[in-house]
Amino acid sequence: MSADHHRLIVLFRSARRCSTPSAVHQLHAHLSKLGLLLWPPFSTFVLEAYCKFNLLRLAHHLFDELPHRDPVIWSSLLSAHSHSDHPRRVLPLFRSMILQDAILPDNFVLATVVKTSARLCSIRLGKQAHAYFLTSPYSGDDVVKCAIVDMYSKCRAPGDARKVFDTITHRNRVSWTAMISGYASSGCYSDAIEVFGAMPEKDVFTWTALISGLVQSGDSFHALKLFVDMRREGVSLDDAFVLSSAVGAASDSAALELGRQLHCLTLVLGYESCMIIGNALVDMYAKCSDIYSARIAFERVTVRDVVSWTTMVLGEAQHGKAEMAFSLFDQMVIAGVRPNEVTFVALLYACSHAGLVQRGRNFFDSMVREHGITPSLQHYTCLLDLLSRSGHLSEAEELIKSMPYEPDEATWGALLSACKKHGNVQMSLRVANHLLSLKPKDPSMYILLSNTYAVAGDWANVTNVRRLMVDNEIKKEPGYSWIELGKESCMFVAGETPHEMRIQIVSLLEELMIEMKKRGYVPETNSVMHDLDEHEKEQQLMMHSERLAVAFGLLRGVPGTAIRVVKNLRVCDDCHTVLKMISSIASREIVVRDATRFHHFSYGSCSCGDFW
DNA sequence: CTAGGGTTAG
């Protein structure tokens with residue numbers, strides 16, 4: 001190799017560290033002119049440089065023109081695709097590597113294929129790669145094993161991950177972290193802790209893997225506990241990820257006070273304008289029902305990406321502020337940020353919760369035509385939800401037949417609840433049969449089915465649904481609500497009150513009931529399915545968990561402040577009416593976050609405009 | 001010249 005070549009390699013190394021897309025172009029042209037592009041290390045350098053700037057099309061252009069492609073450049077190309085937004089494209093490429101260039105996968109390529117399976121959450125593909133790996137000459141490679149551990153972890157098979165983990169000869173931070181993350185994100189708290197405890201040297205990565213994994217699996221309680229432990233152990237917080245995970249935990253458990261404290265911590269640590277924490281804070285405030293603070297947090301994020309904008313759009317949408325959501329979207333486009341598929345889910349959601357049918361159809365069309373996004377099943381479900389909830393039932397039924405996906409339980413469920421809302425018994429039976437044949441997993445689907453058949457008088461199917469629930473061990477999730485007052489948080493289950501407050505809560509609710517009846521309130525006792533007399537049904541409604549929480553808030557909260565309640569299920573019709581009236585009788589703003597959205601009750605009306 | 005872990009939104 002000549003001194004010139006050597007000089008060029010040095011040049012490329014520095015170019016790879018700090019270059020711009022146009023510098024890569026120049027390099028490419030220069031090499032081409034010198035006739036050096038065909039030397040494998042050079043072509044790989046240029047290809048990698050294109051990939052670094054996400055210029056995969058140009059990378060392919062170069063790749064396709066090479067007369068000889070060695071395993072290394074194949075590996076680079078496959079790896080670039082597995083990291084891209086379209087990891088699926090690895091597969092056809094992998095095939096042509098074997099078939100056209102007659103190259104068998106080595107350990108580098110295997111690691112990439114395993115990583116691709118992980119990104120696609122395809123345990124099937126992952127197992128194929130695993131099997132190939134075991135019979136290959138590379139079956140002892142720890143790096144590939146580590147990728148397999150990560151793959152099984154991401155596919156929710158931590159047990160399989162563990163088997164591979166135990167065969168790794170030299171465990172390092174990477175393999176430990178992959179295993180811990182696998183257990184934590186699959187909800188295996190004690191296993192995660194066990195492996196975490198066995199790890200010799202823990203760093204911020206390890207803590208982050210554990211804490212964010214727990215948040216992902218919905219265990220925000222343990223996530224927050226560990227965040228506190230981590231602080232106690234004096235682990236330096238010079239890393240934004242773990243903090244954003246902690247904020248995410250506060251957001252999930254609707255712990256506004258804790259979220260505010262974490263916000264203070266971000267200010268103290270100087271992360272005020274950090275994007276990933278800022279995005280998490282916007283989400284936290286929105287989910288903790290404080291949309292005003294969410295907007296302020298959003299303003300503070302100086303460099304905004306798609307996630308920042310989408311989080312804010314969704315926040316407005318969940319709070320019923322459709323126009324705000326649309327105007328944010330316009331600003332986002334003007335700011336030059338390209339919306340993605342999640343952005344359109346948020347926009348369709350906004351339309352759906354405000355009954356804006358034409359607006360929703362327009363967004364759906366522009367998503368395809370102007371933004372080149374292929375609608376997913378979720379987009380179709382959103383559109384179907386919008387159409388059907390607004391009463392366009394037959395159009396919705398047409399859509400479900402003509403769309404290019406097999407409808408899942410969420411799709412049929414959306415249509416069924418709309419049929420119920422609009423009292424279309426005939427259609428509801430048709431839809432219910434489709435839903436039933438899918439053997440849904442969500443307990444609320446069975447409640448919906450049972451109600452549908454009961455309304456239609458189809459008692460045989462009511463029994464059928466109940467039997468299916470027993471056979472499949474599906475239990476109705478009990479409704480509960482919680483409220484945060486200062487530093488204490490109180491949870492209520494329907495019909496149960498804390499001993500010391502029982503008399504006060506019940507008498508307040510009775511007092512309110514008398515006042516409401518004077519104002520024309522008639523309890524909707526037909527939603528109570530049990531065999532009870534009218535008075536008993538009324539009593540049962542009165543003791544719904546959200547009402548108990550609101551009553552507690554009225555008794556114990558700071559007068560004049562908003563009462564914020566979170567409920568795990570959807571607010572029932574009767575409670576919705578009642579909370580509107582209470583907001584006017586007590587002159588208090590009441591904000592309820594239920595399973596799907598927010599309701600801001602004030603002066604006798606709700607932000608959802610009774611459309612939910 | 002190529003591969004593996006923690007990253008906010010639905």
Side-chain angles (χ1 to χ4, degrees), chain A residues 9 12-13 16 39-49 51 70-80 82-83 105-116 118 138 141-151 153-154 168 171-182 184-185 203-213 215-216 239-248 251 274-284 286-287 301 304-315 317-318 339-349 376 378-379 381-382 410:
Chain A
I9 290 182
F12 292 164
R13 286 220 171 109
R16 198 154 64 146
W39 196 51
F42 284 155
S43 32
T44 307
F45 265 138
V46 178
L47 185 111
E48 291 257 296
C51 293
D70 68 351
V72 176
I73 200 160
W74 266 111
S75 182
S76 295
L77 186 74
L78 291 172
S79 164
S82 82
H83 288 281
D106 61 7
N107 45 341
F108 288 86
V109 168
L110 281 171
T112 299
V113 173
V114 171
K115 165 135 187 124
T116 306
Y138 312 98
D141 192 307
D142 280 349
V143 174
V144 182
K145 282 183 189 171
C146 182
I148 296 173
V149 170
D150 181 55
M151 180 274 296
S153 294
K154 294 231 165 70
I168 297 178
R171 287 178 201 153
N172 58 15
R173 305 153 66 221
V174 183
S175 38
W176 281 101
T177 310
M179 193 60 247
I180 292 166
S181 168
S185 59
D203 59 7
V204 201
F205 262 66
T206 332
W207 283 98
T208 312
L210 181 61
I211 293 172
S212 72
V215 177
Q216 270 174 45
D239 187 279
F241 294 130
V242 71
L243 200 50
S244 74
S245 286
V247 174
S251 154
C274 167
M275 192 172 62
I276 63 164
I277 296 185
N279 293 355
L281 285 170
V282 172
D283 181 53
M284 182 277 293
K287 292 236 166 72
V301 183
R304 297 172 188 150
D305 70 348
V306 216
V307 178
S308 324
W309 287 99
T310 304
T311 308
M312 197 62 235
V313 169
L314 187 72
Q318 284 173 324
N340 65 14
E341 58 285 353
V342 186
T343 317
F344 282 95
V345 170
L347 288 167
L348 290 171
Y349 184 93
S376 67
Q378 202 184 2
H379 292 111
T381 305
C382 282

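Numbered from 1 within each chain, the chains take letters A, B, ... in sequence-line order. In what follows, every heavy atom counts, from backbone to side chain, and hydrogens, waters and symmetry copies are set aside.
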For this session: Say whether, by atom type as modelled, one donor and one acceptor occur between the side chain of A/S181 and the main chain of A/T177 under 3.5 angstrom.
Result: no
Exercise. May A/W207 be described as stacking on the base of B/dG6, applying a 5.5 Å centroid limit and a 30° limit on plane angle?
Worked result: no
Exercise. Looking at the side chain of A/F205, which of B/dG5, B/dA3, B/dA9 is the nearest nucleotide?
Worked result: B/dG5
Seminar exercise, completed: Considering only heavy side-chain atoms of A/V144, the closest of B/dA3, B/dC1, B/dA9 is B/dA3
Exercise. Roughly how many Å is it from CG in A/L314 to C1' in B/dT8, rounded to a whole number?
Worked result: 13 Å
Seminar exercise, completed: Whole-Å distance, A/D70 CG to B/dC1 C1', equals 8 Å
For this session: Using modelled atom types only, decide if a donor and an acceptor are shared between the side chain of A/H379 and the backbone of A/F344 within a distance under 3.5 Å.
Result: no
Exercise. So does A/S75 reach the base of B/dT2 with its side chain, donor to acceptor, closer than 3.5 Å?
Worked result: yes
Problem set entry | Side chain A/D239 and base B/dG6 donor-acceptor under 3.5 Å | yes
Problem set entry | N/O (side chain, A/S212) to phosphate O (OP1/OP2, B/dT7) under 4.0 Å | yes
Problem set entry | All side chain to side chain contact (heavy atoms under 4.5 Å, CB included) counterparts of A/A317, not counting sequence neighbours | A/Y349, A/A350
Exercise. May A/F241 be described as stacking on the base of B/dT7, applying a 5.5 Å centroid limit and a 30° limit on plane angle?
Worked result: no
Problem set entry | A/Q216 vs B/dG6: side-chain N/O to OP1/OP2 distance below 4.0 Å | no
Problem set entry | Spacing of A/L281 atom CG relative to B/dA9 atom P, expressed in whole Å | 12 Å
Problem set entry | Results of side chain to side chain donor-acceptor pair (under 3.5 Å) for A/S79 - residues two or more places apart only | none
For this session: Using atom CD of A/Q378 as one end and atom C1' of B/dG10 as the other, report the distance to the nearest whole Å.
Result: 5 Å
For this session: Measure from the side-chain heavy atoms of A/P40 and tell me the nearest of B/dA3, B/dG4, B/dC1.
Result: B/dC1
Exercise. Is A/H83 near enough to B/dT2 that one of its side-chain N or O atoms lies under 4.0 angstrom from OP1 or OP2?
Worked result: no
Exercise. Can you tell if the side chain of A/M275 reaches within under 4.5 Å of the side chain of A/S308, non-hydrogen atoms only?
Worked result: yes
For this session: Specify the separation, in whole Å, of atom CD of A/Q318 and atom C1' of B/dA9.
Result: 10 Å
Exercise. Whole-Å distance between B/dT7 C1' and A/K154 NZ?
Worked result: 11 Å
For this session: Tell me whether the OP1 or OP2 atom of B/dG5 has a side-chain N or O from A/K145 closer than 4.0 Å.
Result: no
Exercise. Separation of A/D305 atom CG from B/dT7 atom P, in whole Å?
Worked result: 15 Å
Problem set entry | Given B/dA3, B/dG5, B/dC1, the nucleotide with the shortest approach to the side chain of A/K115 | B/dG5
For this session: Grab the CE-C1' distance between A/M284 and B/dA9 for me, whole Å please.
Result: 15 Å
Seminar exercise, completed: Side-chain atoms of A/A209 come closest, of B/dA3, B/dG5, B/dG6, to B/dG6
